[in-house]
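A, B, ... follow the sequence lines: proteins, then strands. Residue 1 opens every chain.
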There are 2 protein chains.
Amino acid sequence: MSKAYNVMAATCPSRTVLHRIGARWTVFVVNALADGPRRFTELKGHIRGITPKALTETLRSLEADGLISRHDHDENPPRVEYALTPLGRSLLIPLRAVRLWAEEHVPDIEAARSRQPVP
Amino acid sequence: MSKAYNVMAATCPSRTVLHRIGARWTVFVVNALADGPRRFTELKGHIRGITPKALTETLRSLEADGLISRHDHDENPPRVEYALTPLGRSLLIPLRAVRLWAEEHVPDIEAARSRQPVP
DNA sequence: CGGTATCCCGTCCGATACTG
DNA sequence: CAGTATCGGACGGGATACCG
């Protein structure tokens with residue numbers, strides 16, 4: 001049952017899924033929600049360098065894909081909390097593997113890059 | 001030793017690593033090399049929809065990062081083989097997890113997307 | 001606080017054609 | 001076979017300012 005989709009096919013929808021995962025900020029946002037719900041400004045503060053525009057777009061995309069949920073408490077002052085859905089939490093596992101790999105192998109890759117001739 | 005890098009820091013070099021992983025064709029090329037060395041045209045045929053330009057760029061980038069190696073046999077007609085380096089093979093593990101997740105959860109995500117109002 | 005609204009620029013990437 | 005050359009367009013995303 002797990003082989004119903006094959007990413008190598010040109011028309012396979014799993015490509016759009018991979019595209020979303022590969023988007024600039026997805027990994028950061030999903031990871032930032034790993035420990036529980038967070039508010040907009042919390043996320044913005046935690047993910048250094050992200051602009052409100054990028055954060056909004058990322059949150060909306062992830063919500064559209066059912067990976068996170070948005071809960072507006074409808075208070076004043078406003079309070080909105082974002083949280084991973086069960087689907088989003090399941091993504092956390094492979095994403096953590098990728099993140100750890102990245103953090104682990106930065107030196108190797110930087111070494112390889114520095115071996116390049118600088119044009 | 002594994003926490004020397006933290007992707008949440010704005011200046012963290014692991015972000016460039018993630019960026020490379022997230023690039024349009026990286027996942028496909030790395031996965032296509034999982035079973036051993038392959039030639040340019042083999043890859044192009046296996047990864048449906050990729051243009052020679054995109055394939056070349058992806059291969060060069062991966063080579064620059066030390067993830068794949070390029071072996072020109074210097075024959076006529078030309079024969080060039082690409083293969084994963086040990087570093088590239090280590091990436092295969094987290095990438096496979098991501099690919100499987102994507103293939104597995106396509107239905108969930110498509111369902112979520114179809115629940116969206118179509119503007 | 002939790003976002004929008006603009007503006008704008010780079011770069012990614014597809015299509016197509018050509019070459020050693 | 002294994003690429004390069006060229007063009008052009010879509011889009012992601014940064015900077016900045018503003019709003020309910």
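We find that CG of Asn76(B) is positioned 13 Å from P of dC1(D), with the value rounded to whole Å. For the pair Glu57(A) CD and dG12(D) P, the computed distance is 8 Å after rounding to whole Å. We find that CD1 of Ile68(A) is positioned 14 Å from C1' of dG2(C), with the value rounded to whole Å. Between Asp74(A) atom CG and dC1(C) atom P the separation is 18 Å, expressed in whole Å. Rounded to whole Å, the distance from CZ on Arg20(A) to C1' on dC11(D) is 13 Å. Following rounding to the nearest Å, Leu55(B) (CG) and dC12(C) (C1') show an atom-to-atom distance of 15 Å. The NZ atom of Lys44(B) sits 14 Å away from the C1' atom of dG14(C) (whole-angstrom rounding). Across the protein-nucleic acid pair, Arg38(B) atom CZ and dA2(D) atom P stand 13 Å apart, rounded to whole Å.
Map His19(A) and Glu42(A) each onto its nearest nucleotide of DNA chain C; the residue landing nearer the 5' end is Glu42(A). Each of Thr51(A) and Val80(B) has a nearest nucleotide on DNA chain D; the 5'-most of these lies closest to Val80(B). Mapping Leu59(A) and Ile50(B) onto DNA chain C by nearest heavy atom places Leu59(A) at the nucleotide closer to the 5' end.
For Pro78(B), taking side-chain heavy atoms from C-beta onward, the closest of the listed nucleotides dG20(C), dG14(C), dG3(C) is dG20(C).
Proximity of Arg60(A) to the phosphate of dG2(C): no side-chain N or O atom is located under 4.0 Å from OP1 or OP2. Using a 4.0 Å cut-off, no side-chain N or O of Arg24(B) falls inside it from OP1 or OP2 of dC11(D). At least one side-chain nitrogen or oxygen of Tyr82(B) sits closer than 4.0 Å to the OP1 or OP2 atom of dG3(D). A close approach under 4.0 Å does occur between a side-chain nitrogen or oxygen of Arg39(B) and OP1 or OP2 of dA2(D).
A cation-pi arrangement is present between Arg15(B) and Phe28(A), with the terminal nitrogen or guanidinium carbon under 6.0 Å from the aromatic centre and inside a 45° cone about the axis.
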Checking side chain to side chain donor-acceptor pair (under 3.5 Å) for the pair Arg70(A)/Tyr82(A): CA distance, chi angles, key distance, verdict? CA-CA 5 Å; Arg70(A) 177 183 188 275; Tyr82(A) 294 93; 3.3 Å; yes
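Remark: of the listed residues Thr58(B), Thr26(B), Asp65(B), Asp65(B) is the sole one forming a side chain to side chain donor-acceptor pair (under 3.5 Å) with Arg20(B).
For Lys53(B) against dG14(C), a side-chain-to-base donor-acceptor contact under 3.5 Å is present.
Trp101(B) places none of its side-chain heavy atoms less than 4.5 Å from the side chain of Ile93(A). Side chains of Val17(A) and His105(B) form no contact here, defined as non-hydrogen atoms less than 4.5 Å apart.
Using a 4.0 Å heavy-atom criterion, one finds that Thr41(B) contacts the sugar-phosphate atoms exclusively. The residue Pro77(B) sits apart from the nucleic acid: no heavy atom pair falls under 4.0 Å.
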